[in-house]
Amino acid sequence: MIHKAVKSFGLGLTLLAASVSLYAKNNVVVVATGGTIAGAGASSTNSATYTAAKVPVDALINAVPQIKDLANVSGIQALQIASESITDKELLSLARQVNDLVKKPSVNGVVITHGTDTLEETAFFLNLVIHTDKPIVLVGSMRPSTALSADGPLNLYSAVALAASDEAKNKGVMVLMNDSIFAARDVTKGINIHTNAFVSQWGELGTLVEGKPYWFRSSVKRHTNASEFNIENIKGDQLPLVQIVYGSDSMIPDAYLAYAKAGAKAIINAGTGNGSVGNYIVPTLKKLHDEQGIQIIRSSRVPQGFVLRNAEQPDDQYGWVVAHDLNPQKARLLAALALTKTNDAKEIQRMFWQY
Ligand code: GLU
């Protein structure tokens with residue numbers, strides 16, 4: 001009898017806990033780094049002339065009181081800079097802070113407010129080095145907080161909704177801009193003046209409407225928990241040096257040589273078309289690869305499509321790598337991470353196929 005009563009009491013508690021957790025809000029931490037979303041202009045009509053990275057995280061959160069209905073929100077000011085000034089030091093420090101947050105059982109999701117210029121780089125880097133299934137969402141804005149029709153508040157509201165959503169788990173790091181949910185690996189800033197600034201040639205993962213995500217695809221590439229890279233295994237505040245050379249007609253080899261002299265371990269060739277290299281540049285790249293062991297990685301300055309191996313250049317013969325569909329700035333980060341593990345071009349190529 002007593003046993004039965006205890007059992008039904010236990011069942012009651014379980015049901016109560018289940019119903020509480022059904023209604024309990026998730027805990028989301030907003031990690032602020034600066035950018036236009038924290039920007040301030042002289043007047044409300046200054047939508048493009050303003051100072052980025054001015055407004056502190058608490059003011060950002062308080063400007064959108066509706067986010068408290070979506071989640072228990074707290075804020076951390078990780079950085080206060082314009083994103084073009086982010087270096088390995090800031091990137092690694094941010095990754096470590098985010099890693100610490102997602103390891104906490106009390107944190108269900110993370111939103112990172114970020115300048116839009118290098119938002120895609122930070123998103124991709126975190127996608128590669130943070131092992132978690134918890135949603136990590138990067139968000140920015142194109143208009144400063146003081147502008148007419150500022151886009152930051154709704155973007156932040158939607159980003160918090162996404163980070164608080166259990167449906168957003170295990171989708172890799174995401175970017176929320178202008179109601180669209182993008183995968184970190186293929187999102188890029190495509191327009192530098194309008195609010196629909198971010199695009200992906202493979203399409204968005206989903207759309208966020210009135211605080212609810214609607215999903216349409218998922219990325220097939222390795223990320224987060226499935227990544228072989230882990231911020232916990234990366235020491236120091238610098239990644240192996242990798243730089244990008246932008247391709248055009250009428251080039252001179254000096255930029256490649258200067259990067260080699262500066263100690264670059266890999267050079268991303270943002271080539272024309274299919275990652276092409278002018279015939280008068282090929283000998284320089286062959287020399288840097290063969291004599292100095294510098295990895296030559298062919299990406300493209302063309303924003304869509306992907307670089308085909310052994311098409312424009314005999315990559316197998318030269319021991320070069322193709323960046324597949326990663327744009328030069330993303331290729332730079334994957335190459336740097338790859339070089340923390342190996343200097344074997346075949347291994348690096350495998351990574352470029354898989355991520
Ligand atoms: N260049 C600044 C940055 O990336 C402002 C641009 C923006 O956030 O939209 O932080």
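Throughout, residue positions are numbered sequentially from 1 according to the sequence presented.
- Formation of a donor-acceptor pair under 3.5 Å by the Q243 side chain with backbone atoms of A262 is not found in this model.
- D186 has no carboxylate O lying under 4.0 Å from a charged side-chain N of K221, or vice versa, which leaves the two without a salt bridge.
- The two residues T33 and T113 have their closest heavy-atom pair at OG1-O, 2.6 Å.
- Scanning all heavy atoms of the two residues, the minimum distance from L119 to S83 falls at N-OG, 4.5 Å.
- No donor-acceptor pair closer than 3.5 Å links the side chain of S200 to the backbone N or O of V187.
- The minimum heavy-atom distance between S227 and H131, with the atom names listed, is O-CE1, 3.0 Å.
- The CG atom of D254 lies 10.0 Å from the CE atom of M251; values are rounded to the nearest 0.5 Å.
- Side-chain contact check for I294 versus I267: some heavy-atom pair is nearer than 4.5 Å.
- To the nearest 0.5 Å, the span separating NE2 on H114 from CG on L138 amounts to 6.0 Å.
- In this model, no donor atom of one side chain and acceptor atom of the other lie less than 3.5 Å apart for E347 and T342.
- The environment of Q238 atom CD is sparse: at most 12 non-hydrogen atoms of other residues, nucleotides or ligands sit within 6.0 angstrom.
- Checked against the 6.0 Å centroid criterion, the rings of F352 and H324 do not qualify as a close aromatic pair.
- Summarising the geometry of A183 relative to R217, their closest heavy-atom pair is CB-NH2, 4.4 Å, with the distance given to 0.1 Å.
- Heavy-atom contacts from other residues, nucleotides or ligands closer than 6.0 Å to NZ of K89 number 12 or fewer.
- Judged purely by distance below 3.5 Å, without hydrogens or angles, the side chains of N26 and D166 pair a donor atom with an acceptor atom.
- V129 and V110 fall within a single hydrophobic cluster, where Ile, Leu, Val, Met, Phe, Trp and Tyr are joined by side-chain heavy atoms under 4.5 Å apart, directly or via other members.
- When hydrophobic clusters are built by joining Ile, Leu, Val, Met, Phe, Trp and Tyr residues whose side-chain heavy atoms come closer than 4.5 Å, directly or via intermediates, Y318 is grouped together with Y256.
- Looking at heavy atoms from C-beta onward, Q295 lies in side-chain contact with I348 at the 4.5 angstrom threshold.
- Among residues two or more places apart in sequence or in another chain, the side-chain contact (heavy atoms from CB on, under 4.5 Å) test is passed with Y157 by V64, Q66, I67, L70, L154.
- Because its NZ or CZ atom is not both nearer than 6.0 Å to the ring centre of Y259 and within 45° of the ring axis, K261 does not count as a cation-pi partner of that residue.
- Nearest heavy-atom pair, T116 versus K189, reported as atom, atom and distance to 0.1 Å: OG1-NZ, 2.8 Å.
- Interatomic distance, CG of L156 versus CG of D151, reported as 11.5 Å (0.5 Å rounding).
- Contact annotation: the side chain of I136 approaches that of I112 to within less than 4.5 Å [non-hydrogen atoms, C-beta and beyond].
- Counting heavy atoms from C-beta outward, M177 and N155 have side chains that approach closer than 4.5 Å.
- The closest donor-acceptor contact from the side chain of N46 to the backbone of S43 lies under 3.5 Å.
- At a threshold of 4.5 Å between non-hydrogen side-chain atoms, the residues V282 and Q313 count as touching.
- Counting only distance, with no hydrogens or angles, the side chain of N27 and the backbone of S106 share a donor-acceptor pair below 3.5 Å.
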Point to revise | Audit row: I181, T207, side-chain contact (heavy atoms from CB on, under 4.5 Å) steps and yes/no | key: CA-CA 6 Å; I181 306 164; T207 293; 5.9 Å; no
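- Counted within 6.0 Å of CZ on F306, heavy atoms from surrounding residues, nucleotides or ligands total 12 or fewer; the atom is thus considered open.
- Side-chain contact between Y246 and I268 is absent, with no heavy-atom pair separated by less than 4.5 Å.
- Of the N and O atoms on the side chains of E167 and W215, at least one donor lies less than 3.5 Å from an acceptor on the other residue.
- By the 4.5 Å heavy-atom criterion applied to side chains, Q77 and P56 are counted as neighbours.
- No donor-acceptor pair closer than 3.5 Å links the side chain of Q292 to the backbone N or O of H289.
- Residues N327 and E120 have side chains that bring a donor and an acceptor to within less than 3.5 angstrom of each other.
- Hydrophobic clustering (ILVMFWY, side-chain heavy atoms < 4.5 Å, transitive): V57 and L101 are in distinct clusters.
- We find the CG-CD distance between D315 and Q349 to be 7.5 Å, quoted to the nearest 0.5 Å.
- Transitive grouping of hydrophobic side chains (ILVMFWY, heavy atoms separated by less than 4.5 Å) brings I81 and F125 into a common cluster.
- For the residue pair S93 and E90, no side-chain donor N or O sits within less than 3.5 Å of a side-chain acceptor on the partner.
- For F124 and Y355, the ring centers are positioned 6.0 Å apart or more.
- Ion pair R309/D316 flagged as a salt bridge, since at least one NZ, NE, NH1 or NH2 atom sits closer than 4.0 Å to an Asp/Glu carboxylate oxygen.
- Using a cut-off of 4.0 Å between Lys/Arg side-chain N and Asp/Glu carboxylate O, E228 and R222 are scored as salt-bridged.
- Checking side-chain atoms of N230 against main-chain N and O of E232 turns up a donor-acceptor pair under 3.5 Å.
- For Y50 and T36, the side-chain atoms include at least one donor-acceptor pair closer than 3.5 Å.
- Following chains of ILVMFWY side-chain contacts shorter than 4.5 Å, one can reach I86 starting from V173, so the two form part of one hydrophobic cluster.
- Between the side chain of N127 and the backbone N or O of H223, no donor-acceptor pair lies under 3.5 Å.
- In this structure, the side chain of S299 does not engage the main chain of N269 through any donor-acceptor pair within 3.5 Å.
- In this structure the side chain of F229 reaches within 4.5 angstrom of the side chain of L334, judged on heavy atoms.
- Note: S300 OG to L326 CG = 12.0 Å, rounded to the nearest 0.5 Å.
- Annotation: the span from M174 atom CE to L126 atom CG amounts to 12.0 Å, rounded to 0.5 Å.
- Nearest heavy atoms, R298 versus G275: NH1-O, 2.9 Å.
- A donor-acceptor pair under 3.5 Å links the side-chain atoms of N225 to the main chain of T132, judged by distance alone.
- The backbone N or O of R143 sits less than 3.5 Å from a side-chain atom of S141, completing a donor-acceptor pair.
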